[in-house]
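Excluded from the calculations below are hydrogen atoms, water molecules and symmetry mates; all remaining heavy atoms, backbone and side chain alike, are included. Chain A is the first sequence line, chain B the second, and so forth, proteins listed ahead of strands; every chain is numbered from 1.
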Amino acid sequence: MKLSLKVWRQKDAKSKGAMVDYSLEGVEGDMSFLEMLDVLNEQLIDNGEEPVVFDHDCREGICGSCSLQINGEPHGPDRLVTTCQLHMRKFNDGDTIVIEPFRAKSFPVLKDLIVDRSAFDRIQQAGGYISVNTSGNTVDANATPIDKHAADEAMDAATCIGCGACVAACKNASAMLFTSAKVSQYALLPQGQVEATQRVQSMVRQMDLEGFGNCTNTGACEIECPKGISLENIARMNREYFSANLKG
Amino acid sequence: MGILDSKVPAGPLAEKWTNHKNNIDLVNPANKRNIDIIVVGTGLAGGSAAATLAELGYNVKTFCYQDSPRRAHSIAAQGGINAAKNYQGDGDSNYRLFYDTVKGGDYRSREANVYRLAEVSANIIDQCVAQGVPFAREYGGLLDNRSFGGVLVSRTFYAKGQTGQQLLLGAYSAMNRQINRGKIKSFTRHEMMDLVKVDGKARGIIARNLVTGEIERHSAHAVVLATGGYGNVFFLSTNAMGSNVMAAWRAHRKGAFFANPCYTQIHPTCIPVSGEHQSKLTLMSESLRNDGRIWVPKRLEDAKAIREGKMTPLQLKEEDRDYYLERRYPAFGNLVPRDVASRAAKERCDAGFGVNKTGEAVYLDFASAIERYGKEKALIAGLNNADKNTITTLGKAVVEAKYGNLFQMYEKIVDENPYETPMMIYPAVHYTMGGLWVDYNLQTTIAGCYAAGEANFSDHGANRLGASALMQGLADGYFVLPYTIGNYLSKDIRTGPIPTDSAEFDEAEKEVRDRLSKLMSGSGLHSVDYYHKKLGKIMWNKCGMSRNAEHLQEAIDEISALRADFWENVKIPGSIEGINQELEKAGRVADFLELGELFAKDALTRNESCGGHFREEYQTPEGEALRDDKNFKFVSAWEYKGAPKDAVLHKEELIYENIELKTRSYK
């Protein structure tokens, strides 16, 4: 198929960017979206131009590196997939595709389609852990039975890949879905109880410091999340946060 | 004893590690504060090592090329992690895990290392649960297990199909706690460009900041390389796009021996290649073989009709299907080890029985599992006369609960519903057992330079069993390195900070800058990918699932010529400053072009078939691997001497005191 692409090009963090038009032929339905961009880049390199840079690594939908706002949607039109697992069969011959970086004040553009998502790391560093040293002498793994339902729910929250689609989808650029997924994972497990109060307070404080917006319950994050992280996590984090503040 | 001293402690196998820990020197807590350690790579091995070393009080600097430590490719491991917990009461023990791993590795691994791995495996599960890793559980609240290829017990712990992800996020959370305390300084989007040696010891690295392009100097008292494997030398593999051998290869060029480069794991259950545009391959967890049955048509004409789209697999009757693994290996059936399953698939496809348009695919069929589970569920629900539809619906729900995310991934990529039509799979490069040679302490042949996880060679011999990579990465990082590195660093308590303005750092930085300029100055004929794809084709066709002397010699010559062409004609747009992904790729491919040749040379030297290394000249009349213990019971450790063709072979004889060497049989 033949496509018209409108791609965001920006030299570096300080420069101004702009949309640039490209036309691309020979795209096949079995190609992933990123393989389509590989073809574009081969073409650009052949013409002596600089290729479009974008974050990607595993290309299996699990590392969370790839991003891209495709026709206005994070990770494009398909549901429950990252950009690397979006296939060109979802598009038609002659389509125009608009490709931009994730847009949020807290995710500054570094070049072209690459944004800086280190704010997510700093939120995790603020308290996204259980304080246990490596010793080899912790209690036996089966000493504390955990209700299967709770364990499964914790797993569902823990599957967040930290890609940032929730932020890019939100009109407020809120990071509540991301932060609440980690808070929930620990809140659902007995191991996470001891530090629960401090954890939710520290992580929310860091989230605010990074400049992410507030949640106004539009639910866009849940729809665009490639891993199907549920809005219930935000409700759970709010409960955790209020009860933590009551405890002081 | 030759030049290689494995430093395996004396004493009975089961006591070696405990005795060793009791006898090595320690560093007191006040002194640890004055010692710096660099950890390159933040996957399971690097992440767990960095967190643990920082907990102990050392000052740690971590480096990864990704934008966050959480994105290392350990995250893509699906199936599970082995541990000799014997929670299922099916007779598992440290010895049995040790035995299975040595046998699975086709008797080409070091006994003492493997036993230690089995010994600490149970601690890993305890540690991860304490960190909040959400492993799968049974209704009683206890941890669930499943079985994996090449073994007869259920010792694999898992977190849906995302075990690697959850274990990595556990290690990442432990790192985050130390970053928050200021004990780890994390450098993301940084690539190690070279190792710096001072007085023969590893004392730092030269790194490139991948955002600004700046070349940076970082010093430390010891350097840990946990930089993964080199499967991307094949271009197409299940590795991440950025996975590379640069750190390990730079260390090799500075004196670290490279062991068994030809031992590559070709994983049997990957999604087949769809076309020339393909950039990488996707693995489907081996756990699928617990319930999926592998087959091809019995008759050539049926296979041909299916390839041409004139017939569907559902039209073939049971008696017209060849369940070739069950036929050839009745004891292990579809659960034979990876190397055996991969070769058997290639054998059938080479014989003309492949089932997709390229002729390189076999079926993995869940129909019997769906029926079996459906009947069981119907019985539990009290439906004594359930019709076929009800049974199928109930069975599909069970299969979905177990493998739902994998089925979804398959459907997204292939555009076929695997609940209705059998999946198609084909082997793909997945893991490299070879790597930097290390002694029992995980130290390379350079003092103060350690290698952990897939980057070293030590535990898997010539073939790795499923769910053992996660185990080894975490064993090395959480439970081995933190002890052994202390023994080395105990001699460094009076050294003080390592300066970065020495002649050694000057020279290393100059070499890096010269190399980058040289890369940028190619004539501009072909892109980096052009060379990488060419290299990959040579590797796959001549150093892949089966090898012979003639092809290997051709590979050596072709890779050497391709390397010369690359340095002369590669095209890299942009500049050394700022983000330049083509330049990043070029540096990695340049090293693959050296490693690839050594790989072929190693395969040519090893005149036997063992594990993932199958030489066509050395096979039984039935086509099984023919090992030669008399002449090849050694580790090949290569010393760098300039061009790969000049590399010098050193042999570490493998001594088996606790296991009797047998012909590996899964029949």
Q: What is the distance from atom CD of A:Q125 to atom CD1 of B:I179, rounded to the nearest 0.5 Å?
A: 4.5 Å
Q: Before giving the answer on side-chain contact (heavy atoms from CB on, under 4.5 Å), spell out for A:D140 and B:Y87 the whole-Å C-alpha distance, their side-chain angles and the decisive distance to 0.1 Å.
A: CA-CA 11 Å; A:D140 184 85; B:Y87 280 161; 2.6 Å; yes
Q: When you check the side-chain N and O atoms of A:D147 and B:Y139, is any donor under 3.5 Å from an acceptor?
A: no
Q: Heavy-atom pairs under 4.5 Å with chain A are the metric here; pick the option from B:Y530, B:Y478, B:F157 that has the most.
A: B:Y478
Q: Checking heavy atoms, do the side chain of A:S32, its backbone, both or neither come under 4.5 Å from chain B?
A: neither
Q: Within a radius of less than 6.0 Å around NZ of B:K185, do more than 12 heavy atoms belonging to other residues, nucleotides or ligands occur?
A: no
Q: Using a 4.5 Å cut-off on heavy atoms from C-beta on, say whether the side chain of B:R177 contacts that of A:N133.
A: yes
Q: Testing the 3.5 Å rule here: is there a donor-acceptor pair between the side chains of B:S68 and A:R117?
A: no
Q: Are the side chains of B:K412 and A:D78 in contact, using a 4.5 Å heavy-atom criterion?
A: yes
Q: Evaluate the criterion side-chain contact (heavy atoms from CB on, under 4.5 Å) for residue pair B:Q78 and A:I62; output intermediate values, then yes/no.
A: CA-CA 10 Å; B:Q78 297 166 352; A:I62 193 74; over 6 Å; no
Q: What option among A:P190, A:G162, A:S118, A:C84 has the most heavy-atom pairs under 4.5 Å with chain B?
A: A:G162
Q: Do you know which of A:G48, A:G192, A:P51 has the most heavy-atom pairs under 4.5 Å to chain B?
A: A:P51
Q: If you count every heavy atom of other residues, nucleotides or ligands that lies below 6.0 Å from A:Q198 atom CD, does the total exceed 12?
A: no
Q: Relative to chain B, which segment of A:S65 carries a heavy atom at a distance below 4.5 Å: side chain, backbone, both, or neither?
A: both
Q: For A:R59 and B:N239, test the side chains for any donor-to-acceptor distance below 3.5 angstrom and give the result as yes or no.
A: no
Q: Sort A:A126 into side chain, backbone, both or neither according to what part of it lies under 4.5 angstrom from a heavy atom of chain B.
A: backbone
Q: Pick from B:Q131, B:K571, B:Q165: which one has the most heavy-atom pairs with chain A under 4.5 Å?
A: B:Q165
Q: Quick one: which of A:K182, A:H87, A:M36, A:Q185 has the most heavy-atom pairs under 4.5 Å with chain B, could you say?
A: A:H87
Q: Where does B:V414 contact chain A at under 4.5 Å (heavy atoms): side chain, backbone, both or neither?
A: backbone
Q: Go through A:G127, A:A143, A:C160, A:G26 and name the one with the most non-hydrogen pairs under 4.5 angstrom from chain B.
A: A:C160
Q: Can you tell which of A:D112, A:I114, A:V52, A:N41 makes a side-chain contact (heavy atoms from CB on, under 4.5 Å) with B:Q581?
A: A:I114
Q: Would you mind checking which part of A:R89 comes under 4.5 Å of any heavy atom in chain B, side chain (CB onward), backbone (N, CA, C, O), both or neither?
A: side chain
Q: Judged by modelled atom types alone, do A:E35 and B:S279 share a side-chain donor-acceptor pair under 3.5 Å?
A: yes
Q: Is A:V27 in contact with chain B via its backbone, its side chain, both, or neither, using a 4.5 Å heavy-atom distance?
A: neither
Q: Specify which of B:N180, B:D529, B:N123 makes the most heavy-atom pairs with chain A at under 4.5 Å.
A: B:N180
Q: Quick one: are B:F479 and A:S135 in side-chain contact, heavy atoms under 4.5 Å?
A: no
Q: Under 4.5 Å heavy-atom distance to chain B, tell me which part of A:I161 shows up: side chain, backbone, both or neither.
A: both
Q: If you compare all heavy atoms of B:I125 against all heavy atoms of A:A141, which two are closest, and at what distance to 0.1 Å?
A: CG2-CB, 3.7 Å
Q: Decide whether A:E42 and B:S527 meet the rule of one side-chain donor and one side-chain acceptor closer than 3.5 Å.
A: yes
Q: Please check if any side-chain donor atom of A:T134 sits under 3.5 Å from a side-chain acceptor atom of B:E55, or the reverse.
A: yes
Q: Does any non-hydrogen side-chain atom of B:E582 lie less than 4.5 Å from one of A:E50?
A: no
Q: Top residue by heavy-atom pair count (under 4.5 Å) with chain A, among B:L169, B:D415, B:T282, B:T188?
A: B:D415
Q: Tell me, out of A:D57, A:V81, A:I130, A:D152, who's got the most heavy-atom pairs with chain B below 4.5 Å.
A: A:D57
Q: When rounded to the nearest 0.5 angstrom, what distance separates CZ in A:F120 from CG in B:D67?
A: 11.0 Å
Q: Find the distance between NZ (A:K111) and CD1 (B:I579) and round it off to the nearest 0.5 Å.
A: 6.5 Å
Q: How close do B:G132 and A:L189 get, counting heavy atoms only, and between which atoms?
A: O-CD1, 3.4 Å
Q: Is the shortest distance from a Lys or Arg side-chain nitrogen in A:D121 or B:R70 to a carboxylate oxygen in the other one below 4.0 Å?
A: no
Q: State the CD-CD distance between A:Q85 and B:Q408, to the nearest 0.5 angstrom.
A: 9.0 Å
Q: Quiz question: by atom type and distance under 3.5 Å, do the side chains of A:T138 and B:D126 form a donor-acceptor pair?
A: no
Q: For the pair A:Q124 (side chain) and B:S173 (backbone), establish whether a donor and an acceptor sit closer than 3.5 Å, ignoring hydrogens and angles.
A: no
Q: Begin with the C-alpha distance, continue with both residues' side-chain angles, and end with the deciding distance and a verdict on side-chain contact (heavy atoms from CB on, under 4.5 Å) for B:H277 and A:D30.
A: CA-CA 9 Å; B:H277 53 78; A:D30 280 343; 4.2 Å; yes
Q: May I ask you to decide whether B:K160 forms a salt bridge with A:D156, counting only side-chain N to carboxylate O separations under 4.0 Å?
A: yes
Q: Give a yes or no answer on whether the side chain of A:N142 reaches the backbone of B:L143 with a donor-acceptor pair at less than 3.5 Å.
A: yes
Q: Does the side chain of B:H73 come within less than 4.5 Å of A:E60's, by heavy atoms?
A: yes
Q: Quick one: pull up OG in B:S274 and CE in A:M31 and give me the separation to the nearest 0.5 Å.
A: 9.0 Å
Q: Heavy-atom pairs under 4.5 Å with chain B are the metric here; pick the option from A:L34, A:I146, A:V132 that has the most.
A: A:I146
Q: Checking B:L281 against chain A: side chain, backbone, both or neither under 4.5 Å from a heavy atom?
A: backbone
Q: List the atom of B:R137, the atom of A:A151, and the distance in Å for their closest heavy-atom pair.
A: CD-CB, 3.7 Å
Q: If we check side-chain contact (heavy atoms from CB on, under 4.5 Å) with A:D55, which of these qualifies: B:Q66, B:R189, B:R71?
A: B:R189
Q: Other residues, nucleotides and ligands only: do more than 12 of their heavy atoms fall within 6.0 Å of CD on A:E232?
A: no
